[in-house]
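Notes to accompany the following structure.
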Protein chains: 2
Amino acid sequence: MEMKSVTRSLRVLEAVAQHQPVTVGELTKIFGLPKSTVQRTLLTLNEAGWLRANRKDTTRWEIGARVLAVRPAALQGSSLFAAAREPMIRLRDVLNETIHLSVPDALHSVVVVDRVDCDHAVRTFHAIGDTSPLHATASGHAVLAHLAKADVDEVAAGTLEGYGEETITDPVQLRSELQRVRKRGYAVNHNQYLQGVCAIAAPVLDGDGVPLAAVAVSLPDSRFEPGRLPELGRLVAETAAEITARHQA
Amino acid sequence: MEMKSVTRSLRVLEAVAQHQPVTVGELTKIFGLPKSTVQRTLLTLNEAGWLRANRKDTTRWEIGARVLAVRPAALQGSSLFAAAREPMIRLRDVLNETIHLSVPDALHSVVVVDRVDCDHAVRTFHAIGDTSPLHATASGHAVLAHLAKADVDEVAAGTLEGYGEETITDPVQLRSELQRVRKRGYAVNHNQYLQGVCAIAAPVLDGDGVPLAAVAVSLPDSRFEPGRLPELGRLVAETAAEITARHQA
DNA sequence: GCACATCGTTCCACAATGCGGCACACTCGC
DNA sequence: GCGAGTGTGCCGCATTGTGGAACGATGTGC
């Protein structure tokens, strides 16, 4: 159950996405694979509609639009994605800080699915599609705090990797932090994952209380004022609540 | 250069996207393939991170978040996508009709990459990722009107498939329509592609005048008032111009 | 509560399939 | 016009994925 050609093709697809528009030669250097192998892969992906030749330089490849039809369930239709957009923009307008929408993914991580930028010259940056660990981010905590006990156990039982001084690597500490998150309605990350980056997040829940996503405001350490935390937390939680309401409507 | 397993895996991926969350059995019925083959494919896609088991029913599969990291060049970073969002929302607020953002793709088509919904009970619907022909849609015409002559020739030389009474299937007629689109700054589709659906679109151009995308307002025939066309056209064109300006900034 | 239908999962021998070394075609820059 | 750099096409060999069949678990109807 290897399917070498498939896994390799997907790798190539991802590499093309990162480097597009890219040539065969560049890809062979990245992977250290024979030219013919890479090219065959590109042609196959092309015929499947997932790749296409660049308009100007037809020997360069880029991602085709077919991928857009393939999206995680949480984003299908108009549902969550559309519901989140306007509240996120309003929150950005109030705070002028970058807002992220993230959904939980397998393997103990959350993935950024949407973003609204602030206009500060110095700002945090996370691309759509970026993943980060559940146990070391505000969005992760917001989600984790509302998962079933069994799921939390599984995460806590795994290795809680440390990314710096502030990362919570102790299961007991993590649980008590989640308790606090549930109580006040929002999670805070102060340099737990990426140094110099802080975030405040709140969960978007479905009718059964299952966490679908988290909204987060993300800002550089340099602009983080602990005194404003209650205000920020309230605003983020309100935004999350509004998204929840819109989503169910 | 077949790569049967790869093309099949991508097909499976697309099928999962359409039917998620879906089981092995359902997929075997869709494809008429042996269970073991489908199962192996699913496991491979899963290990690559493109698929994941549903949280509640672990025998059902859904799209993983990995796909989000793979996006067409036009949407990479924040650029066009982010630039378009707020002007689109404003346009929707003014008109209360569904707004689409589409980009040209290979094979003579445009693809819907973003959408802002109106709140009418009866409205048009196109999912993100849907493709439609360049020669028979407002967005297509808006793009086509600003492509290089060689590209237009290629499209006009191909078969201009008809979808109803109104579709322009004659190359000469198409060219003169494109001329008109260039002149007034927006394109109009009145039942050319999907019956009962009208749209007005304007192009988003890059610095060199190359069309990157089109914004369109899409509405049911029943709400289309020919008298308001100049007004709608102007609003759409202004929105497109604003997106262009933001995108370059 | 038993037999039967149905589903997901696992195994394995066969041969079809994709692998990658090689050679060709082409385009630059010197 | 030569050489170094591309992208592309070919083809024999062995690796790889194939799919039938058997297994285990679940649940449905009698």
Side-chain angles (χ1 to χ4, degrees), chain A residues 1-64 73 106-107 148 150-151 154, chain B residues 1-64 73 106-107 150 154:
Chain A
M1 67 115 159
E2 264 288 279
M3 292 263 226
K4 222 166 169 177
S5 58
V6 173
T7 47
R8 195 187 36 223
S9 298
L10 295 175
R11 283 255 183 75
V12 168
L13 206 57
E14 289 164 14
V16 171
Q18 279 174 33
H19 299 100
Q20 61 187 324
V22 70
T23 65
V24 183
E26 289 164 0
L27 288 170
T28 64
K29 275 166 199 157
I30 293 172
F31 289 103
L33 288 170
K35 264 191 300 186
S36 41
T37 303
V38 173
Q39 211 212 6
R40 188 155 13 90
T41 306
L42 290 174
L43 290 178
T44 305
L45 291 173
N46 175 54
E47 283 199 20
W50 287 64
L51 237 50
R52 59 175 227 199
N54 184 290
R55 278 193 171 275
K56 294 165 189 171
D57 181 349
T58 55
T59 73
R60 291 191 169 268
W61 299 93
E62 50 192 34
I63 298 295
L107 303 169
D151 292 319
E154 199 199 322
Chain B
M1 70 111 160
E2 262 290 278
M3 295 261 224
K4 224 165 167 176
S5 58
V6 173
T7 47
R8 196 184 38 226
S9 298
L10 295 175
R11 283 257 181 73
V12 168
L13 206 57
E14 290 165 12
V16 171
Q18 279 173 32
H19 299 98
Q20 62 187 323
V22 69
T23 65
V24 184
E26 289 164 1
L27 288 170
T28 63
K29 276 166 199 156
I30 293 174
F31 288 103
L33 289 170
K35 263 193 302 187
S36 42
T37 302
V38 174
Q39 161 93 312
R40 188 157 11 89
T41 305
L42 290 174
L43 290 178
T44 305
L45 291 173
N46 176 52
E47 283 200 19
W50 287 62
L51 237 51
R52 60 174 228 200
N54 185 291
R55 279 193 170 276
K56 293 165 188 171
D57 180 350
T58 55
T59 73
R60 292 192 168 268
W61 298 92
E62 50 192 33
I63 298 295
L107 302 171
E154 198 199 323

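Not measured: the values here are computed from a predicted model. Hydrogens, waters and symmetry mates are skipped; everything else that's a heavy atom, side chains included, is used. Below, chain A is the first sequence line, B the second, and so on; all start at residue 1.
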message: Can you tell me how far apart CZ (B:Arg40) and OG1 (B:Thr44) are? Round to the nearest 0.5 Å.
response: 7.5 Å

query: In whole angstroms, how far is the P atom of D:dT8 from the CZ atom of A:Arg60?
result: 12 Å

- line: CG of B:Leu43 to CH2 of B:Trp61, rounded to nearest 0.5 Å, is 5.5 Å

Spacing between B:Gln39 atom CD and D:dA21 atom P, to the nearest angstrom: 18 Å

- request: Starting from C1' on D:dT8, measure out to CG on A:Asn46 and report it in whole angstrom.
  value: 14 Å

field: Heavy-atom donor-acceptor pair, B:Gln20 side chain to B:Ala17 backbone, under 3.5 Å
entry: yes

task: Round to the nearest Å and state the distance from A:Glu47 atom CD to C:dG18 atom P.
output: 12 Å

- prompt: What is the distance from atom OG1 of A:Thr41 to atom CG of A:Leu45, rounded to the nearest 0.5 Å?
  reply: 6.5 Å

message: Measuring from the side chain of B:Arg40 (C-beta onward, heavy atoms only), which nucleotide among D:dG19, C:dT17, D:dG9 has the closest atom?
response: D:dG19

field: d(NZ, A:Lys4; P, D:dT16) in whole Å
entry: 4 Å

task: Please assess A:Leu42 against A:Val38 for the test side-chain contact (heavy atoms from CB on, under 4.5 Å), listing each intermediate value before the final yes or no.
output: CA-CA 6 Å; A:Leu42 290 174; A:Val38 173; 4.2 Å; yes

query: What parts of residues 20-37 of chain B reach DNA chain C, counting only heavy atoms under 4.0 Å away?
result: B:Thr23, B:Val24, B:Gly25, B:Lys29, B:Lys35, B:Ser36

message: With nearest nucleotide decided by heavy atoms, which residue, A:Thr41 or B:Thr58, maps closer to the 5′ end of DNA chain C?
response: B:Thr58

- prompt: When you match A:Ser5 and A:Trp61 each to their closest nucleotide on DNA chain D, which lands nearer the 5' end?
  reply: A:Trp61

task: Report the distance from atom CZ of B:Arg60 to atom NE2 of B:His19, rounding to the nearest 0.5 Å.
output: 11.5 Å

